[in-house]
Structures are given as structure tokens and as C-alpha cells.
Amino acid sequence: AQIQSSARNYSAVGAYDIEGDLAFTGRGMPEVVKTIRVTSNFLEILGVSPLLGSGFGTSDNTVLIGFDFWQRTFYGDAHVVGQTVNLGGMSYTILGVLRAGFAFPSAGIDVWLSHPQDSPAFSPQSRALSPFLTIFGRLSPGVTLDQATAELKVMQTSYARSHPAMLDAKPKSATAAVPLQQNIVRQVQPELWLLFGATFVVLLIACANLAGLLLARAVARSTEFAVRSALGASRGRIVKDLILETLALSSLGGIAGAFLAFLCLATVRHIAGTHLPRASEIQFDFPVTAFAIVLSLLAAILFGLAPSLSAS
């Protein structure tokens, strides 16, 4: 509340607590669902709207459910809004269904509840001292990250003076405004770079093996090249023909790889769904196709030129 009232560079400020698991009953087999508590204005801050129903209002004991949870448990019932569900032994009314692919603050959330300051993960005594809430907000038009960070530091100083006993009121606590996208992907970004690096190494190994095979094949055709040279074919013409053969071979490999990636797309979405943010939006589109084509051509030129020059 103190941050909301003192923020000037933010058009809206909200908070969420840590994720928690609650028992869901009353709809078939009981199951454990992943939940999180957010402030009632979180959809307005994010600039999104529910697929069905509305966001949080002023009523207590209300929830929003995720698209996958709606499909899995309610079988896509269009009249789910207004129904009562039981979470952790308490009754809640469903206010809305969020859109497919919505993942805030992380993937895999099934149910969103309000009043994060009342998180059951902490006792009332612990809440008074433990910094269990994460603050997020929408910048006002024209405000930069540097300006937002400067204001946060001022608010952090004021907060530390007003609540010296809080664990996050230490003077050395790092305070900075971080874009939402960066905050969401920072935990998986190193893994993605590692995967990219491993893929690049595999590509280098494949290209090196292919270059060796092309060189061996070119050496075996040395008699052919000698005859062509005697008949008047220039070295440039022979190298050109070898490069064209390499490009054709590389193009076939690129097409086969792209087709295999397309077939594995659904499997990748399923495996990465609970670990990678917005995994449901992974698709095989034109930029991916163009990248595969360009990479195949570059690999053919770079790793096919040396064997062609050596053989000719």
C-alpha cells in the first residue's frame, strides 16, 4: 500500500506471492493444483483480458483459472463462470478463464487467487517481517527504466526507515526496475544459451564430417578433374561445380532437418510446457524456415569450399 500511494512513475502497481499447491476437490478425482495470489489489478497492469468472464473485483473468495486447467478439469465448459470450486477446504467462485498461453508469473499456474498479503504460506507473525511479496507495475507513458529505478531507490530508502525490522529493509538490498520479459526468462536463459551452444557444436561436428567426406570423394575423382582440365575446363569452373553439388547436398539436409523439427514440434511443446515460459507459442514459421535455409547455405559454402579448392 505504501508503494502504491507513493509511486509517481508508475500508472499501476501490484504484487504477487510465492507459488503454492492446494487440493482441488468437488470435480471428479481430487488433484493438487498450482496456485498463486495476486493483487486484483494484475490483469490491468499486464494489459490482458480474460477469455471468459472478468478479472478480480471487490468480492472475496473468487478465483481465475488457467486455460489448460479449464480444458483439463471442466472440459472447456463455456458456462464455468460463476461455478463454485473447493480449494484447500474453502469455497471459491470462478470469475473468469484466462487465455491460452497466459503464464504469469511463470508457466504451469492453474489458479489465481487475490489478496497476496494473506498468503497461507506464512503465518501472520512471519508476514510482518518476511518479504514474501514481489512487486510489479506498469510504467507511465514516457518513463524510462532509469527513472523508474531511481524512484524505486527513493521508495526503498523510505521503506527501510519506516520498517527497519523487515528483512528486505537492509541498506544494501539491490533495487532496480527490470522489464517483465527479462524477469520471466532470466531463469531459463542460461539453459537456452547452453542448448544453442550444444546445437552449434553438433552442427560443427556434422559439417566437419561432411567436409571430410567431400574431400575424400573429391580425391577419388581426381582423374575426372584432370581429364576435364585437359579438355579446357578452368579451375574456377570445377570449383563452381563442386560447390553446387555441396549446396544441393546441404539443401537436402536442411530440408530434412526442418521437416523433422516440424514433426517434433508438438513433443517439444509438451516437454517444455512446464519449464519454458510461453512454450505453447513455439511454432514453425517463416523466420525459422529462413534461418534453417540460410544456415544450410552458409555451412555448404564454408565447409565445401576448402575440399573443392584442394581437389581442383
Ignoring hydrogens and angles, state whether a donor on the side chain of Asn9 or Gln147 is under 3.5 Å from an acceptor on the partner side chain.
no
Without swapping roles, check the side chain of Trp70 against the backbone of Asp77 for a donor-acceptor pair under 3.5 Å.
-> yes
Original post:
Do the side chain of Ser114 and the main chain of Ser40 share a donor and acceptor less than 3.5 angstrom apart?
Top reply: no
#### Entry: Any donor-acceptor N/O pair, Arg37 side chain to Trp112 backbone, under 3.5 Å
no
Note to self: Run the side chain to side chain contact (heavy atoms under 4.5 Å, CB included) test on Val80 and Ile65 for me, step by step, so that the C-alpha distance in whole Å, both residues' side-chain angles and the decisive distance to 0.1 Å come before the verdict.
What the structure shows: CA-CA 10 Å; Val80 70; Ile65 62 175; 4.3 Å; yes
Report the C-alpha distance between Phe136 and Tyr16 in whole Å, list the side-chain angles of each, state the deciding distance to 0.1 Å, and finish with yes or no for side chain to side chain contact (heavy atoms under 4.5 Å, CB included).
-> CA-CA 8 Å; Phe136 68 103; Tyr16 60 87; 3.7 Å; yes
- Query: Does Leu95 belong to the same Ile/Leu/Val/Met/Phe/Trp/Tyr cluster as Val48, with side-chain heavy atoms less than 4.5 Å apart forming each link?
  - Reply: yes
- Ignoring hydrogens and angles, state whether a donor on the side chain of Thr39 or Asn41 is under 3.5 Å from an acceptor on the partner side chain. yes
Cluster membership besides Ile255, Ile/Leu/Val/Met/Phe/Trp/Tyr side chains within less than 4.5 angstrom, sorted by chain and number, is none
Query raised in the report: Okay, side chain of Arg138, backbone of Ile45: is any donor-acceptor separation there less than 3.5 Å?
Result: yes
d(Leu43 CG, Leu98 CG) to nearest 0.5 Å is 6.0 Å
*Near Arg237 CZ, under 6.0 Å, is it more than 12 heavy atoms from other residues, nucleotides or ligands?*
no
With sequence neighbours left out, the residues meeting side-chain contact (heavy atoms from CB on, under 4.5 Å) with Leu252 are none
For Val32, is there any backbone N or O sitting under 3.5 Å from a side-chain donor or acceptor partner on Asp21?
no
Report task. Look at the rings of Phe104 and Phe102 and say which category their plane angle falls in: under 30° parallel, 30 to 60° tilted, over 60° perpendicular. Result -> tilted
Under 4.5 Å between side-chain heavy atoms, counting indirect links through other Ile/Leu/Val/Met/Phe/Trp/Tyr residues: same cluster for Leu247 and Leu298 or not?
no
In this structure, OG1 of Thr35 is separated from CD1 of Ile109 (nearest 0.5 Å) by 7.5 Å
**Study point:** Heavy-atom side-chain proximity of Pro179 to Leu145 below 4.5 angstrom
**Key:** yes
Output for pair (Leu297 CG, Thr246 OG1), nearest 0.5 Å, gives 12.0 Å
For Gln83 and His79 the tightest heavy-atom approach is NE2-O, 3.2 Å
Paired with Tyr92, the side-chain contact (heavy atoms from CB on, under 4.5 Å) test is passed by just one of Leu64, Asn61, Leu22, Val111, namely Asn61
**Request:** Verify side chain to side chain contact (heavy atoms under 4.5 Å, CB included) between His115 and Val38, making sure each step is shown before the conclusion.
**Result:** CA-CA 6 Å; His115 303 298; Val38 295; over 6 Å; no
Side-chain heavy atoms under 4.5 angstrom apart, residues restricted to Ile, Leu, Val, Met, Phe, Trp, Tyr: same cluster for Met90 and Val33? yes
Please walk me through it: do Ile94 and Val85 pass side chain to side chain contact (heavy atoms under 4.5 Å, CB included)?
CA-CA 7 Å; Ile94 299 177; Val85 296; 3.6 Å; yes
task = Check the angle between the aromatic planes of Phe69 and Phe24 and answer parallel, tilted or perpendicular using the 30° and 60° thresholds.
result = perpendicular
Nearest heavy-atom contact between Ala177 and Ala148 is CB-CB, 3.9 Å
Those residues at least two apart in sequence (or on a different chain) that pass side-chain contact (heavy atoms from CB on, under 4.5 Å) with Asn86 are Thr25, Ser91
When rounded to the nearest 0.5 Å, the distance separating CG of Leu87 from CG of Asp110 is 10.0 Å
